[in-house]
Amino acid sequence: MGSAGAAPWVLLAPFLVLSVVFTAWPLARSATLSLEQTFGPGASRWVGLENYRHLLSDPLFWKAAGNTCLYVCTTLVVQLPLSLGCALLLNRPGLRGRAVYRLVFFSPALVGVVFVAMMFGVIFEKRTGLLNQALHAAVGWDLEFAWLQGWVMTSLVIATLWQYMGYNMIYFLAALQNVPKDLSEAAEIDGAGAARRFAAVVWPAIRPVGGFVVLLSVIGSFQLFELPWILLNAGAGPDGRGLTIVMYLYQQGFEAGDLGYASAIGWVLALVLVGCAALQRRLAREEVTA
Amino acid sequence: MSGAESTRRTGWLAALGAHALLAPAALVTLVPFVWLACAAFKRNEDFFTSAFLPGGEGVLGVAWERLTLENFERLFGTLGLGRAIVNSVFLSSATAALATLISALGGYALAAFDFRGRRAVTGLVLAAIIIPPPLLIAPGYQWLFRLGLLDTFAGLILPAIAPAFGVYLFRQACASSVPGALLEAARIDGAGEARIFFGVALPLLRPMVGAFILLTFLGTWNNFISPQVVLQTPDRLPLAVAIAQLKSTYYQDYGLLMAGTLVSVLPLVVLFMSLQREFISGLTTGAVKG
Amino acid sequence: MGERRRHIAGLMGLDGLPPAGVVTALLAVASAVAALAWPSSVPEGRSLWTSARLHEVIYRPILAEWNERSEPKVHVTLMSLPALERRMLAGFLSETPCADLLEVERRIAARAFTGPLESVGFVDLTERVRSEGLLEQINAASFSPWSSRGRIFGLPHDVHPVMLGYRADIVEAAGIDVSGIETWEDFVRVLSPLMKERDEAGRPRRYLLNLWQTQGETIEALVLQAGGGFFDEDGRAVIASERNARTLAQIVAWTTGPERIAAEAPDFSASGNRLKLEGYVIASVMPDWMCSIWKNEIPQLAGKVKLMPLPAWERGGRRTSVWGGTMLGISKTARDSEELWRIAKHLYLSPEMARATYREGDIITPVKALWSDPVFAEEDPYFCGQRKGLMYIGLAPDVPVRPASPYNYAAMLAVQDAVGALTADAKAAGRYEVEWLVPAARRRLGEAQARIERMIARNVFLRERAVSAAGGGVDREGGGL
């Protein structure tokens, strides 16, 4: 560990300079913006905390918040366990075709969001959609089931499941490489079942990374915007069922023209994310001391 | 010994079980890609009448003669997608290379040195990871204009090459893969700091370098929102924007759009296939320490 | 110690940079050279931005010809709707580089009219339009979405009258004569025999009208046809009017319940096109530009579709509506608006443009003098030889006026939600008759209106303007015309 004087600062210099210029400055500007109200071209007025006050009583904001939280929780409960499950299956020693599976599961993360939106637009259509057709043939599902009108968040969970399951799976795979093999083998020889082995050996070893992946996933999920935006044809869906926080931010800032209000929404979102991160650190620290 | 035998037998059965779960999941994951591949070679009229391949009298009941290369001809001919590809390659590789370098420098500085202000900078890096990008769009655009960076590649590259997430990843990677004693020894040998970084630390960080290059390349390649806003000259637009523009509000040329998406995905698939192993080992040694 | 020394020496000497890094760096350098050295055809002269692919295709030859013989040179740039929107607002708001001429649709243009009149980013064209007699030459109603507080800010690209397109092959095969249809009541009565055919589930194989709670723009067109609307000329929200309530009640009666006659065949979607091809819906609401969409997306229907004026809401009522719209505006940031005005007129008033726009996009020009051009009298083979150009032109004088409120899009969405809520009300009560639905419609529209009024009330600038109006200015309250 060197305690050399200038060296670390020189190494950090490019990062710090660029961050100040392109992150810190716009961030500060967005803070002052959130205390203004702007309406369209060239006009802005100082309104103090009015934007935040309005936010608290804005039914559309709460709808967006509700939808987004629902989406985050569902993703947490559905996507991450599936990713972990796939990682566990792929981690089996001597599994043939592991590289192929890895590529297949990760590849959805390689396509752009425009394609995902188009693809799932086709899949979720009423009557002629692939999903309804397949379900109808298999279990007599109602062909007229309107995924994108009544069950928007569910549809989004399915779409992002396809898109990111492999991505998270890779992170978990990496984590699983860290499970001490000798412990795992010892447990197996001792006759411990797979579930027992998981709880006693695997889970504690990957918990730190598990927390990290969960945090990343939560942060990403809270910012869901492009996919529902394109999928619902640049709208929030019927009755705002597809409205997310960042979508509302975009609508207020770039469609209604009120960049001040949009910045206020952005700051509330940032606070929520800080809260999540703090929570995660708290939980991680707890389990280390436990 | 019956113990080893029974382990082998259950091992075989369990492997079959794993494939029984993984294979259908993999097939389902591939469905959209099959759809993509079919759609890229279909003419527009056929797009509406058949889900995958146009039905007809050919082999397997498919009208093979209706498949066409005209989408690709138009893409590279009249639409000049070749130039967009070059732009994308440039933006993605430059951003990936520079972001990786700067993040590595920063992460190394935070991990390998003990200096006053280290905790503060680390805290700032962690906080910066959480800042939601939508918050910065509006002030960021204005700022780029004031700096004279609109309609330049620099305006896209510079804000993207100081990612806090990258610094974090490299800090983790450094902490776990670069023993301080090694650095100390090199210093005692009289090597300069630059030499130590490039000669000692960076080779040990190779997996993380590969992983981060892939991640950044992927993210930049598919990004279409910022280039669309920052770049004004059509000649400078990257692939993702060119494809997104094929999806105009009124008229959809599905075949073109799908062909463009296919062209866009292939380089990423190749990249991932070649960097797959490094990607995982990079994440293993890096992020995994939580 | 010696071990370590050798190890370090080895590392420093040979390995160097990781291979992935080297490859990426080389790639970056190579492509940088390619990307930066590739000569960029920087077009000189004035710029015109548009988001409509169709328009760009039409403008290029016209502008190429202009650039050859006149000054200044103009080049057209195509960009996506969100990019155009963002750059226009940025150009107006923070003086980032903006095009000289901007071709924008209703939604985006309305955004420019928020805030005080002085800060509208488009050049005020009112005087020029008046003095050059364009108000008489161009269909009057076409100016309305591009005007704010009595001033005109753009040249209209279109009129966009609306007709009803129907499956003539199915209708005639069933021996039905549609020539006597005058009202929506007639429409339902005359065509209902087509719904007798049922599928295995007992549901009708065909529905009469392509209409659904989620088709906000179609709903808006019908609302305007019925004489209702969302804003008055002063920009005040009039969403919760009696007329709108009746219209909404009728729409829900058509789209919900066991006796419904409408179904959803979404526009601009592959599956919607398939449904139209199958004849799942007999009639669709078709503005002039929709004809070209159908020709491109459903060519298999050529010779099977015919057009007729919209059935009126009451006998003798309006037989058309309006849907969409684009304008050409001159940005205040451009120098020499005089020359740009010439270019704008050349583009929008020229016969070549009118002909090309009709041939490529089926859009009829708002310039009345050009309506006698033979191109509009051509028989259209897709529509069974109908002279649809003349049919649309005949309806042009009746096209309803659209106010340019910046809240119009939000209002359309609020009304769409009201239709959704009303549908749920109907299903919950099991009542689908128009008379029963009207009071519930009034309630739902009241909610929509309150929502919009809340948005307007939040606007600090409008509050200021109201104050100055009280002090004797000519401003009015509200964000509209």
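Order of the sequence lines sets the chain letters (A, B, ...), proteins ahead of strands, with each chain counted from 1.
With respect to A:F15, the side-chain contact (heavy atoms from CB on, under 4.5 Å) criterion is satisfied by exactly one of B:L105, B:L110, B:I102: B:I102.
Heavy atoms only, all atoms of each residue included: B:A162 and A:L18 are closest at CB-CB, 3.6 Å. In terms of heavy-atom proximity, A:L11 sits nearest to B:F113 at CD1-CE1, 3.6 Å. When every heavy atom of B:A18 is checked against every heavy atom of A:L89, the shortest pair comes out as CB-CD2, 3.8 Å. Scanning all heavy atoms of the two residues, the minimum distance from A:P8 to B:A109 falls at O-CB, 3.6 Å.
With a 4.5 angstrom heavy-atom cutoff, A:L215 does not touch chain B via any of its atoms. Heavy atoms of B:L101 lying under 4.5 Å from chain A are absent altogether. Looking at B:V269, the atoms closer than 4.5 Å to chain A (heavy atoms on both sides) sit in the backbone and in the side chain alike. If you measure heavy-atom distances from A:A24 to chain B, you find no contacts under 4.5 Å at all. Only the side chain of A:I219 comes within contact range of chain B, judged by heavy atoms closer than 4.5 Å. Only the side chain of A:E226 has a heavy atom closer than 4.5 Å to any heavy atom of chain B. Of the two parts of B:P133, the backbone and the side chain both hold a non-hydrogen atom closer than 4.5 Å to a non-hydrogen atom of chain A. With a threshold of 4.5 angstrom between heavy atoms, B:A26 approaches chain A through its backbone and through its side chain.
In terms of non-hydrogen atom pairs under 4.5 Å with chain B, the most contact-rich of A:Q223, A:R96, A:R29 is A:Q223. Of the listed residues (B:G260, B:P132, B:A160), the greatest number of heavy-atom pairs within a distance under 4.5 Å of chain A belongs to B:P132. In terms of non-hydrogen atom pairs under 4.5 Å with chain B, the most contact-rich of A:P26, A:C86, A:A13, A:S263 is A:P26.
The interface of residues 265-272 of chain A with chain B, defined by heavy-atom distances below 4.5 Å, comprises A:G266, A:W267, A:L269, A:A270.
Looking at A:W25, its side chain never comes within 3.5 Å of a backbone N or O of B:P139 through a donor-acceptor pair.
Residues B:I161 and A:F22 have side chains not in contact (no heavy-atom distance under 4.5 Å, counting atoms from C-beta outward).
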Atom pairs and distances, side-chain donor-acceptor, residues 102-123 of chain A, under 3.5 Å, sequence neighbours left out:
from, atom 1, to, atom 2, distance (Å)
A:R102, NE, B:Q276, OE1, 2.7
A:R102, NH2, B:Q276, OE1, 3.1
A:S107, OG, A:L103, O, 3.2
A:S107, OG, A:V104, O, 2.7

